[in-house]
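Data block below; observations after.
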Amino acid sequence: MITGDHVHHPVQFIEPDVACLSDADVVQAAATRRAFVERYADTGTLVIGTHFPAPTAGLLRRGGDGAVRFVADGLR
């Protein structure tokens, strides 16, 4: 799944309410990020962040604290 312009940095998986200047509607943007996280966390779906610093491909994994993180080393 390619993130396109709805996720600009991996921290937005943990904190979807963190807005970017390009979010025209910050409320809708955060809701879209939350829905993305819920749909793809722990599914094994490859996520490619088009605006992420390297590494740009990884998986969304829910930690013991419930937070979802972008994990690039999950590909090994």
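Only a predicted model underlies this, so the values are computations on that prediction, with no experimental measurement involved.
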For the student: nearest non-hydrogen atoms of Pro10 and Phe52, plus distance: CG-CD2, 3.7 Å

Let me confirm one number: the CG-CG distance from Leu59 to Asp42, rounded to the nearest 0.5 Å. 9.5 Å

Test side chain to side chain contact (heavy atoms under 4.5 Å, CB included) on Arg34 and Asp17 and set out the steps. CA-CA 8 Å; Arg34 280 192 296 278; Asp17 292 329; 2.7 Å; yes

CG of Leu60 to OG1 of Thr45: how many Å apart, nearest 0.5 Å? 8.5 Å

Other members of the hydrophobic cluster containing Val18, with the 4.5 Å side-chain heavy-atom rule, please. none

Is it the case that one hydrophobic cluster holds both Ile14 and Tyr40, taking links as side-chain heavy atoms less than 4.5 Å apart, direct or via other members? no

Does Gly4 offer a backbone N or O that forms a donor-acceptor pair with the side chain of Thr50 under 3.5 Å? yes

Please work out whether the ring planes of Phe36 and Phe13 are parallel, tilted or perpendicular, with thresholds of 30° and 60°. parallel

Tell me the closest heavy-atom pair linking Thr3 and Gly49, and the distance in Å. OG1-CA, 3.3 Å

Could you tell me whether the side chain of Gln12 and the main chain of His9 form a donor-acceptor pair under 3.5 Å? yes

dist Asp5:CG -> His51:NE2 (nearest 0.5 Å) comes out at 4.0 Å

Can you hop from Val37 to Val71 via hydrophobic side chains spaced under 4.5 Å? no

Residue set satisfying side chain to side chain donor-acceptor pair (under 3.5 Å) with His8, at least two apart, ordered chain then number -> Ser22

Which distance, rounded to the nearest 0.5 Å, do you find between the CZ of Arg33 and the CD of Glu38? 14.5 Å

Going by the rule side chain to side chain donor-acceptor pair (under 3.5 Å), which residues pair with Arg62 if we only count those two or more places apart in sequence or in a different chain? none

Work out which heavy atom in Gln28 is nearest to a heavy atom in Asp25; give both atom names and the distance. N-OD1, 3.0 Å

Met1, Val68: one ILVMFWY side-chain cluster at the under-4.5 Å cut-off? yes

